[in-house]
Engineer: 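Have a look at the structure that comes next, please.
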Amino acid sequence: MTQETVTLVDNRTGTSYELPVLEGSLGPSVIDIRKLYNETGHFTFDPGYTSTGSCESKITFIDGDEGVLLHRGYAIEDLAEHSNFLEVCYLLLYGDLPTPDQRQQFEDTITHHTMVHEQLTAFYRGFRRDAHPMAILCGVTGALSAFYHDSTDIEDPYHRMVASHRLVAKIPTIAAMAFKYSIGQPFVYPRNDLSYAENFLQMLFAVPCEPYKVNPVVAKAMDRLLILHADHEQNASTSTVRLAGSSGANPFACIAAGIASLWGPAHGGANEAVLKMLQEIGSKDRIPEFIARAKDKNDSFRLMGFGHRVYKNFDPRAQVMRRACHEVLGELGIKNEPLLDIAMELERIALQDDYFIEKKLYPNVDFYSGIILKAIGLPTSMFTVLFAVARTVGWVAQWKEMIEDPSQKIGRPRQLYTGAAKRPFRPLNERA
Ligand code: CMC
């Protein structure tokens, strides 16, 4: 990193301050304000962190204007085309693509961590049958710290490694169990002869009374979907994981915090919201009505699956997902899917509309992922769960990077206080 500076002048006092400018390997430079408060007595104010870099990272790079997403330098399009999810997991966790031996060993390790403690099955029974699977996923993932004491010492590199492997390996099992519980079917154990995506599908869809055959097209689509959601820089849930982890909390608790943050409709909950919106629209002729609502300042309605905090041109994941979506529907022989027809028409109209063009609102990854998930037989309530399964490796990689950074300290933002100034306590009988 080279050291340029920018000058900050306090017009009230005429004092000027030199602030270092840090250059990363790609992307905009950042102004280092770590000493700002000590030197100037001011905090910065950036609600929503639209101009704030919260950490240094080597994992993922995004150029929102150019629609670029790189993991450890590799383009997401190349990874989706030529790699597989476990290889991408290795890349995110360890910094480079594995050699054949490393890949074999990693696959073996993850495969042999996919079972969960048998007592966890009893834990599930405490949830109501109609609980949202994200509620179950969040609760059970947090509870892993009560089951795996031998991997919660974050100071111990071996504990950190085992916790990382356990989280990546067990999250599909936990997610599939949440699904099975909600539909009243028996839990299905993992199978070590299957790939990560195939095993996930069989845990979701197999039943004990007949053999289950994985559809290779569906397995490929699932694997790609997992790759496309694996990591995305310092988004809300990843920042939540880092913030939770910065206090020294154990990794299982941190990932549960990430799951909670992901659940919101502005973030991972959007894929579920997209399907609900398409169902609400119901037919192509009602699209203009919904476009008008999305543009109306007095209506809180937004087109779900459109817009992104960082991508202001196109979301590269959405382009891969759009192709995958058509492939899956084609290969599964799903023709005339009304929701897809509405989605395609909505996309066409919105991309030509001045409002969406001016505000740079393009379809994001969630716009298409919901349609794929619906086609492979998952209910909408499971959509965000799928996102969480994929993103777990990103959260773990980011958590691990933070813990292993010697300059890491607890995250503790400040605020612009606009509440009451100090005032005397009023006894109850004096309050009107
Ligand atoms: N429909 C209609 N108008 C929109 C939309 C939308 N989907 N998104 C943004 N706008 C408008 C917004 O009203 C605002 O208008 P104005 O400047 O007149 O006030 C302008 O565009 C900028 O919006 P913003 O809310 O300031 O932008 P943001 O960067 O804070 O929000 C976002 C990004 C993704 C939360 C937002 O675009 C949104 O709510 N989209 C719908 C939900 C969605 O699809 N989320 C998934 C994100 S991708 C998956 C992930 O990474 O989690």
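As the structure lists them, so they are numbered: ligands from 1, and atoms in each ligand from 1. Just so you know, these numbers use all the heavy atoms, side chains as well, and skip hydrogens, waters and symmetry mates.
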Engineer: Hey, does H232 come in under 3.5 Å of ligand 1, counting only N/O atoms on both sides?
Structural biologist: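 So ligand 1 has no N or O lying under 3.5 Å from an N or O of H232.
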Engineer: Tell me whether atom 22 (C) of ligand 1 lies less than 4.0 Å from at least one protein heavy-atom position.
Structural biologist: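 Given the 4.0 Å limit, the answer for atom 22 (C) of ligand 1 is no, no protein heavy atom qualifies.
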Engineer: Hey, does the side chain of N313 reach the backbone of D65 with a donor-acceptor pair shorter than 3.5 angstrom?
Structural biologist: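 Yes, because the side chain of N313 sits within donor-acceptor range (under 3.5 Å) of the backbone of D65.
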Engineer: Are there protein heavy-atom neighbours of atom 40 (N) of ligand 1 below 4.0 Å?
Structural biologist: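 Given the 4.0 Å cut-off, atom 40 (N) of ligand 1 counts as touching protein heavy atoms.
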Engineer: What atoms of ligand 1 come closer than 4.0 angstrom to any heavy atom of L361?
Structural biologist: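 Contacts of ligand 1 toward L361, numbered from 1: 3 (N), 4 (C), 5 (C), 8 (N), 9 (C), 10 (N).
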Engineer: Below 6.0 angstrom between ring centroids: does that apply to H267 and H232?
Structural biologist: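 Judged by ring-centre distance (under 6.0 Å), H267 and H232 do not meet the cut-off.
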Engineer: Decide if atom CD of Q102 counts as having more than 12 heavy atoms of other residues, nucleotides or ligands within a radius under 6.0 Å.
Structural biologist: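 Correct, the count exceeds 12.
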Engineer: Taking a cutoff of less than 4.0 Å between a non-hydrogen atom of the residue and any ligand atom, is Y355 in contact with ligand 1?
Structural biologist: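 Under 4.0 Å: yes for Y355.
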Engineer: Is the contact between R302 and ligand 1 made by the side chain, the backbone, both, or neither, using heavy atoms and a 4.0 Å cut-off?
Structural biologist: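 Both backbone and side chain.
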Engineer: Test your reading of the structure: does L303 have an N or O sitting under 3.5 Å from an N or O of ligand 1?
Structural biologist: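 Between L303 and ligand 1 (N or O atoms, distance only) the closest approach is under 3.5 Å.
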Engineer: Tell me whether F301 has any N or O atom under 3.5 angstrom from an N or O of ligand 1.
Structural biologist: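 No.
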Engineer: So, do L92 and T60 sit near enough that their side-chain heavy atoms are less than 4.5 Å apart?
Structural biologist: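 Side-chain contact under 4.5 Å: yes.
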Engineer: For atom 34 (C) of ligand 1, what's the nearest protein heavy atom and its distance?
Structural biologist: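 Ranking protein heavy atoms by distance from atom 34 (C) of ligand 1, first comes G307 O, 3.7 Å.
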Engineer: Counting from 1, what ligand 1 atoms have a heavy atom of K297 closer than 4.0 Å?
Structural biologist: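 Once the distances to K297 are compared, the set is 16 (P), 18 (O), 19 (O).
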Engineer: Taking the six-membered ring for Trp, are F187 and Y124 ring centroids under 6.0 Å apart?
Structural biologist: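 Yes, the ring of F187 comes within the 6.0 Å limit of the ring of Y124, centre to centre.
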Engineer: Under the rule for ring pair (Phe, Tyr, Trp, His ring centres under 6.0 Å), what residues qualify as partners of F301, not counting sequence neighbours?
Structural biologist: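 Applying ring pair (Phe, Tyr, Trp, His ring centres under 6.0 Å) to F301 gives F290.
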Engineer: Identify the closest protein heavy atom to atom 47 (C) of ligand 1: which residue and atom is it, and at what distance?
Structural biologist: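 The closest heavy atom on the protein side is N364 ND2, 3.6 Å.
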Engineer: Around atom 2 (C) of ligand 1, find the nearest protein heavy atom and jot down its residue, atom name and distance.
Structural biologist: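 Protein heavy atom at minimum distance: A294 O, 3.8 Å.
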Engineer: If you take all heavy atoms of R166 and H113, which pair is closest and at what distance?
Structural biologist: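 Result for this residue pair: CG-ND1, 3.8 Å.
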Engineer: Judging by distance only, is a nitrogen or oxygen of V365 under 3.5 angstrom from one on ligand 1?
Structural biologist: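 Between V365 and ligand 1, no N or O pair is found under 3.5 Å apart.
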Engineer: Can you find an N or O of D366 that's nearer than 3.5 Å to an N or O of ligand 1?
Structural biologist: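 N/O-N/O distance below 3.5 Å does not exist for this pair.
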Engineer: Would G305 count as a polar contact of ligand 1, with the cut-off being nitrogen or oxygen pairs under 3.5 Å?
Structural biologist: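 For ligand 1, there is an N or O atom that lies under 3.5 Å from one belonging to G305.
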Engineer: Could you check atom 30 (O) of ligand 1 against the protein and tell me its nearest heavy-atom contact, residue, atom and distance included?
Structural biologist: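 Looking at atom 30 (O) of ligand 1, the protein heavy atom closest to it is R309 NH2, 2.9 Å.
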Engineer: Do M203 and P172 have side chains that get closer than 4.5 Å, going by heavy atoms?
Structural biologist: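 Answer yes - side chains close enough.
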Engineer: Any idea which protein heavy atom is nearest atom 42 (C) of ligand 1, and the distance to it?
Structural biologist: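 Sorting protein heavy atoms by distance from atom 42 (C) of ligand 1 puts M304 SD, 3.7 Å first.
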Engineer: Decide yes or no for Y49 and S54: does some side-chain heavy atom of the first lie under 4.5 Å from some side-chain heavy atom of the second?
Structural biologist: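 A side-chain contact under 4.5 Å is absent here.
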Engineer: Which residue pairs pass the ring-ring contact (aromatic ring centres under 6.0 Å, His included) test with at least one member in residues 64-92, sequence neighbours excluded?
Structural biologist: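 For residues 64-92: F85-Y196, Y90-Y94, Y90-F106.
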Engineer: What do the steps show when you test L97 against R72 for side-chain contact (heavy atoms from CB on, under 4.5 Å), and what is the final call?
Structural biologist: CA-CA 9 Å; L97 289 168; R72 306 281 191 184; over 6 Å; no
Engineer: Does atom 51 (O) of ligand 1 have a protein heavy-atom neighbour under 4.0 Å away?
Structural biologist: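 Yes, there is a protein heavy atom closer to it than 4.0 Å.
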Engineer: So which bit of K295 gets within less than 4.0 Å of ligand 1, heavy atoms only: side chain, backbone, both or neither?
Structural biologist: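 The answer is neither; K295 stays 4.0 Å or more away.
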Engineer: So, do Y311 and Y362 have ring centers that fall under 6.0 Å from each other?
Structural biologist: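 No; Y362 has its ring centre 6.0 Å or more from that of Y311.
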Engineer: Show me which atoms of ligand 1 lie under 4.0 Å from any heavy atom of A270.
Structural biologist: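 Listed by number with element: 43 (C), 44 (O), 45 (N), 46 (C).
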Engineer: When you check the gap from the basic side-chain N to the acidic O, do K276 and E272 get nearer than 4.0 Å?
Structural biologist: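 So K276 pairs with E272 through a salt bridge.
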Engineer: Mind checking whether Y37 and F43 have ring centres under 6.0 Å apart?
Structural biologist: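 For Y37 and F43, the ring centres are under 6.0 Å apart.
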Engineer: Quick one: which ligand 1 atoms are inside 4.0 Å of a heavy atom on A266?
Structural biologist: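 Within the 4.0 Å cut-off of A266, ligand 1 contributes 45 (N), 46 (C), 47 (C).
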Engineer: To check your reading of the model: name the closest protein heavy atom to atom 20 (C) of ligand 1, its residue, and the distance in Å.
Structural biologist: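 For this ligand atom, the closest protein heavy atom is K359 CD, 3.8 Å.
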Engineer: Which protein heavy atom lies closest to atom 48 (S) of ligand 1, and at what distance to 0.1 Å?
Structural biologist: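 Nearest protein contact, heavy atoms only, for atom 48 (S) of ligand 1 is H308 CD2, 3.4 Å.
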